[in-house]
Amino acid sequence: MEKLSWRDLVVRISLFTSHRFILLVLVFASTLRPISGQSAIPLLERTITITFEQEGLQVALQKISQQGNFTFSYNPAIVDASRMVRASFAGMTVREVLDELFQGSVQYKVRGNYIILTKARVAPESESRVYSGYVVDEATGKRLNNVSVYDPISFSSAVTDAYGYFQIKIDKPSADVILAINKENYTDTIIAVPSGKRGLLKIPINVSEEKLVVLADSVGKKIVRFWKNNVLDPKSPNIDNINDTLYRTTQVSLVPFVGTNHALSGNVINDYSFNIFGGYSRGVKKLEIGGLFNIVREDVTGMQYAGLFNAVGGKMKGIQLAGLANLNQDSVKGAQFAGLINFNWNSIEDFSAAGLVNFTHQNSKGFHMTGLGNMTLGEEEGGHLAGLFNFATKNASGIQAAGMLNFTGGDMRGAQLSGLMNFAAHKVRGGQVAGLINIAPGKINGAQVSGVLNYATNVKGLQLGLINISDSIRGVPIGFLSFALKGYHQLEVSADEVFYTNLAFRTGVRQFYNIFTVGAKPDTFENEETYWTFGYGVGTAPRLSRKLYLNFDITSNQVVLGDKVDAINMINKAYLGLEVQPVKKIAFTAGITLNAHVTDTENTQYPELFTDYTPHIIHDETYSNNLNVRMWLGAKLGVRFF
């Protein structure tokens, strides 16, 4: 047996105990790690995803507490144990889930790892009331912090927390409380909260286009301020002390102040300027070439070329070319070419082309093209072509063509062409053509053509799209669904020789409207399977006299027995009739129809179409594609309500 000294024994005991202690600490820390991560989020703000399929309310609360890693505390008397819950919640906070379950009848308090449920007290109208909820970005659904919520009458206020939640107490509120919601770079919003409202409020707010313009304007001013103070004016004593303008035909420089004009570079206007790396001068009259950059305090006339950038503090007249950027503090008249950006604090005329962005603080005239976007914080004239967007805060005329978006903050006179969306805030005189959406909140005199939606307040001309919406229209909307608030919309109840009960909704304008129809055989209502039909059509109704109209409709309906749509079974109908309107809001219609019944000869399970009356078949033929067409003449009677 090994003999140990007291010193060796103490060392070995220390090593043994220290190893055990370190192991114990590591195990304890590993158990605490997930708990500390959970505890960082307040109990009511923890998000859960959970589904209940006819489960008792107490069981539902137990499952919520298990997923949220906390415990509920409540008096069983406030929880209806017999109530069954059938609901699904995805990515919602515990607070929102409880609000959906109890509909504001229970209030919640947090104590440690407990959520205490108590019955909500309904305060009399004379007492103060508490309102709570979330403020979210309408476009993204993101909960917004540091949003001001206040009552303009009592000046009670609150600010949303890191999770977008607020709670505001209002003393002696009126019947309907008005809440104002404000956040930087978002549109100021006002909502009315009814006196009987219980539970959470969810308030969506939008990013303000006007504030985005102000933000862009502020960024632009900061760029100009930095450019002027640090680039155009490098604090040279000669520039401050010498007021006379010096002229020289040609100058050559290595870098600013190292060249033939020496320390007086910033005071000299040159006809020709050649800069190996970069140059600095007061002005250029004919030509300037820089290996990397050219900086000119005042005006440039002629041609300016730089490997990286040109910076001009005065007017630019001529041609400007740069590998990266052209930066001009005053106006530009001529042509600009840049690999990335043309930045003009004043106006520009004629032509500009940039790989990324053309930015103009004031007006933009001529033809301008860019890989990303044209942004003008003023008026646009001419043609603007961009890979993604054209953005003008004021009026625009000419053509805006972009791969994604055209935006005009004022009137649009000309054409907007985009792959996704066109927006003009005021009047449009011309046309909007978009792959998805055209929006003109003001008047449009011309045409809107889109793949999905056209919207305008007042339309004089054509709307062509899947869905067309307007307040009023003098023209024709053509699409699957057209709705004009002050246009043509009727509800029709009718009967024909096949289906005695039909309902149709007609919407659009009298020159061209959409028809959505359903019908049924009443004698099959009590059967195991109802014989019914649904379909779509279009029509026109020209006026013959003050109360008399001619109707011509074309519809196509699928005939269905029960819920089986196994094969083609269609009745295509052309209707010619008269509509008389004896009193306001009611009209009667009657006319003849030409019907074509199309079926598949390979399907032998068709139910009998003519059960009470068999019309005279004027045409019956089967084609090479196994489709049989039977045609007959029929009639329709109906009443319409406006």
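Everything numeric here is computed off the predicted structure, so don't read it as measured data.
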Would Thr370 and Asn374 count as having a side-chain donor-acceptor pair, cut-off 3.5 Å? no
In terms of side-chain geometry, is the basic nitrogen of Lys202 or Glu138 positioned less than 4.0 Å from the acidic oxygen of its partner? no
Exercise: identify the closest heavy-atom pair between Leu420 and Ala434: O-CB, 3.6 Å
Any side-chain donor-acceptor pair under 3.5 Å between Glu497 and Trp632? yes
Among all residues two or more places apart in sequence or in another chain, which pass the side-chain contact (heavy atoms from CB on, under 4.5 Å) test with Val509? Ile473, Pro477, Gln511
Under 3.5 Å, is there a donor-acceptor pair between the Tyr488 and Gln490 side chains? yes
Looking at Tyr165, I'd like to know if the NZ or CZ of Arg95 sits under 6.0 Å from its six-membered ring centre while staying within 45 degrees of the ring's axis. yes
Heavy atoms of Ala353 and Asn342 approach each other most closely as O-ND2, 3.1 Å
Check this for me, if you would: do Glu379 and Lys394 make a salt bridge, where the nitrogen-to-carboxylate-oxygen distance has to be below 4.0 angstrom? no
Run the ring-ring contact (aromatic ring centres under 6.0 Å, His included) test against Tyr549 and tell me which residues pass, sequence neighbours left out. none
Pairing of Asp188 and Lys183 as salt bridge, 4.0 angstrom limit: no
Regarding Asn363 and Ser347, is there a side-chain donor-to-acceptor distance under 3.5 Å anywhere? no
Counting heavy atoms not belonging to Arg429, are there more than 12 under 6.0 Å from its CZ? no
Taking only residues two or more places apart in sequence or in another chain, which ones pass ring-ring contact (aromatic ring centres under 6.0 Å, His included) with Phe89? none
From Tyr131 atom OH to Asp151 atom CG, the distance as rounded to the nearest 0.5 Å: 9.0 Å
Where do Arg543 and Glu579 land on the salt bridge (charged side-chain N to carboxylate O under 4.0 Å, His left out) test, with the steps shown first? CA-CA 9 Å; Arg543 182 192 293 268; Glu579 174 189 318; over 6 Å; no
Identify the residue among Thr517, Asn502, Asn569 that makes a side chain to side chain donor-acceptor pair (under 3.5 Å) with Asn557. Thr517
Does either side chain, that of Thr555 or that of Asp553, offer a donor lying less than 3.5 Å from an acceptor on the other one? no
What do you reckon, is CE of Met631 surrounded by more than 12 foreign heavy atoms closer than 6.0 Å? yes
Can Lys333 and Asp350 be counted as an ion pair, charged N to O under 4.0 angstrom? no
Does atom CE of Met404 have more than 12 heavy-atom neighbours from other groups under 6.0 Å away? no
For the residue pair Lys521 and Phe499, would you count it as a cation-pi contact if the rule is NZ or CZ under 6.0 angstrom from the ring centre and within 45 degrees of the ring axis? yes
Taking the cut-offs as 6.0 angstrom to the six-membered ring centre and 45 degrees off its axis, would you call Arg143 and Tyr134 a cation-pi pair? yes
Between Lys585 and Phe641, is NZ or CZ placed under 6.0 angstrom from the six-membered ring centre and within 45° of the ring axis? no
